[in-house]
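Counting convention: from 1, in listed order, for ligands and their atoms alike.
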Amino acid sequence: MARVALVTGGSRGIGEAISKALKAEGYDVAATYAGNDEKAAAFTEATGIKTYKWNVADYEASKAGIAQIEADLGPIDTVVANAGITRDAPFHKMSPEQWKEVVDTNLTGVFNTIHPIWPGMRERKFGRVIVISSINGQKGQFGQVNYAATKAGDLGIVKSLAQEGARAGITANAICPGYIGTEMVRAIPEEVLNSKIIPQIPAGRLGEPEEIARCVAFLASEDSGFINGSTISANGAQFFV
Ligand code: CAA
Ligand code: NAP
């Protein structure tokens, strides 16, 4: 039987590359998204990967969506918590709404994604949990107090889950991408990107979504079982922990 993987935010950007890479490795993949029906339909048309729509910030919706995927494909043994958003502003301009939206999606959304799947992984004594954090959770970033806090929090989730899951055959790891060429990065004002961001990347370029997907495929594989609680940085030498 093929292994079953769930990729949240798996219909575009980094998540799209992850969904495709896992499918190429032989997994049955379910990709979720929040609202962009057109992109999700085009993704399914192009890849044959089924998509499911719910808001990761909503626990009951996550639970119901995951139950549906398990009914359709079988027990999920690999979960990639990838869905995330930015609401950038300097702290003095950041609204409580911008804070809450990012926390609800990027931090609570990770809890909501893993929590309904975790008991089944414990019972079956196998699981792979992979969380897409960020370089900016490691180093902080001008204009991202909200986002950096959630991505640092995601690393805390992974390190704790690694300790809880280890004896049940479950690993939990994080990937901290640097700046990757997706719509999230294209939303940065061009002048800021060119003057403040790219010059800080020794590689002199943005990363490709596929470069992150390869890290996911590695961590998801059965022989990565002793890699647990780790963080893989893939950032073109922009930052070292
Ligand atoms: N470092 C130092 N100063 C900076 C700066 C930086 N990185 N970015 C902006 N500034 C300065 C500007 O030069 C400007 O200075 P002056 O007032 O002296 O001219 C000032 O801050 C701009 O202040 P404003 O009040 O006008 O700011 P704004 O309301 O226009 O918003 C911002 C600024 C939203 C933070 C904008 O600069 C921005 O989008 N920055 C990019 C933030 C970023 O890196 N986001 C990452 C998104 S992608 C992602 O998150 C993926 C991932 O994980 C890597
Ligand atoms: P993206 O291109 O904006 O794609 C985001 C994906 O997440 C889309 O599929 C989107 O669905 C989905 N999504 C957003 N909010 C959601 C919600 N509330 N519920 C369910 N799905 C939701 O982003 P990306 O650049 O690929 O980023 C993917 C992840 O990598 C994020 O966690 C991000 O923080 C992280 N990351 C990105 C970079 C980078 O440079 N791009 C760097 C480091 C870390 P819709 O299509 O329906 O909107």
Side-chain angles (χ1 to χ4, degrees), residues 6-19 31-43 49 51-59 61-62 65 80-95 98 101-110 112-113 130-148 150-152 154-155 174-201 205-213 215-216 231-236 238-239:
L6 164 63
V7 184
T8 64
S11 61
R12 63 185 175 89
I14 294 173
E16 175 175 6
I18 294 170
S19 298
T32 80
Y33 69 106
N36 191 336
D37 297 318
E38 204 179 320
K39 174 61 195 168
F43 165 82
I49 296 171
T51 55
Y52 297 80
K53 179 177 170 180
W54 73 77
N55 178 0
V56 294
D58 180 337
Y59 184 79
S62 298
V80 186
N82 164 77
I85 58 168
T86 53
R87 296 289 181 266
D88 294 354
F91 188 54
H92 63 280
K93 291 185 183 170
M94 188 174 283
S95 67
Q98 287 173 314
E101 260 188 275
V102 171
V103 170
D104 288 352
T105 306
N106 297 6
L107 187 61
T108 307
V110 172
N112 293 346
T113 298
I130 298 157
V131 179
I132 307 301
S133 174
S134 166
I135 185 176
N136 292 344
Q138 297 173 300
K139 71 169 189 59
Q141 171 61 14
F142 192 106
Q144 288 202 306
V145 164
N146 50 2
Y147 183 89
T150 62
K151 293 298 181 176
D154 289 337
L155 298 180
I175 298 168
C176 284
Y179 284 75
I180 310 298
T182 69
E183 281 173 44
M184 182 178 275
V185 163
R186 287 193 280 273
I188 301 171
E190 205 177 332
E191 193 275 318
V192 174
L193 189 64
N194 290 332
S195 68
K196 298 246 172 355
I197 311 277
I198 305 270
Q200 291 180 358
I201 307 174
R205 64 169 177 92
L206 298 176
E208 301 289 339
E210 291 72 21
E211 292 176 303
I212 305 307
C215 300
V216 172
T231 300
I232 296 184
S233 297
N235 62 34
Q238 187 180 353
F239 183 73

Using a 4.0 Å heavy-atom cut-off, which part of [X] comes near ligand 2: side chain, backbone, both, or neither?
| X | value |
| --- | --- |
| Tyr147 | side chain |
| Lys151 | side chain |
| Val185 | side chain |

Give yes or no for whether the N/O distance cutoff of 3.5 Å, strictly under, is met between [X] and ligand 2.
| X | value |
| --- | --- |
| Ala34 | yes |
| Val56 | yes |
| Ala57 | no |
| Ser134 | no |

What atoms of ligand 2 come within less than 4.0 Å of a heavy atom belonging to [X]?
| X | answer |
| --- | --- |
| Asn55 | 17 (C), 18 (N), 19 (N) |
| Pro177 | 42 (C), 43 (C), 44 (C) |
| Tyr179 | 40 (O) |
| Ser11 | 9 (O), 46 (O) |
| Ile85 | 14 (C), 15 (N) |
| Asn36 | 45 (P), 46 (O), 47 (O) |
| Gly9 | 6 (C), 7 (O), 9 (O), 12 (C) |

Give the contacting part of [X] toward ligand 1: side chain, backbone, both or neither, where contact means a heavy-atom distance below 4.0 Å.
| X | value |
| --- | --- |
| Ile180 | neither |
| Lys151 | neither |
| Pro189 | side chain |

Nearest-contact summary for [atom] - protein heavy atom, Å:
| atom | value |
| --- | --- |
| atom 38 (C) of ligand 2 | Ile14 CD1, 3.8 Å |
| atom 46 (C) of ligand 1 | Gln144 NE2, 3.4 Å |
| atom 32 (C) of ligand 1 | Pro90 CD, 4.5 Å |
| atom 42 (C) of ligand 2 | Gly178 O, 3.0 Å |

Exercise. Can you name the one residue among Thr231, Leu155, Thr150 that meets side-chain contact (heavy atoms from CB on, under 4.5 Å) with Ser133?
Worked result: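 That would be Leu155.
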For this session: Answer yes or no: is there a donor N or O on one side and an acceptor on the other, between the side chain of Asn235 and the main chain of Pro177, under 3.5 Å?
Result: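 Side chain of Asn235 to backbone of Pro177, a donor-acceptor pair under 3.5 Å: no, none is there.
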Seminar exercise, completed: Looking at Ile135, Thr182, Val192, the heavy atom closest to atom 40 (N) of ligand 1 belongs to Val192
Exercise. Can you tell which of Tyr179, Phe91, Tyr147, Phe142 gets a heavy atom nearest to atom 9 (C) of ligand 1?
Worked result: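 Of the listed residues, Phe142 has the closest heavy atom.
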Exercise. Near Asn136, which atoms of ligand 1 are under 4.0 Å from a heavy atom of that residue?
Worked result: 54 (C)
Exercise. For Asn82, is the nearest heavy atom under 4.0 Å from an atom of ligand 2?
Worked result: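 The answer is yes, since Asn82 has a heavy atom less than 4.0 Å from ligand 2.
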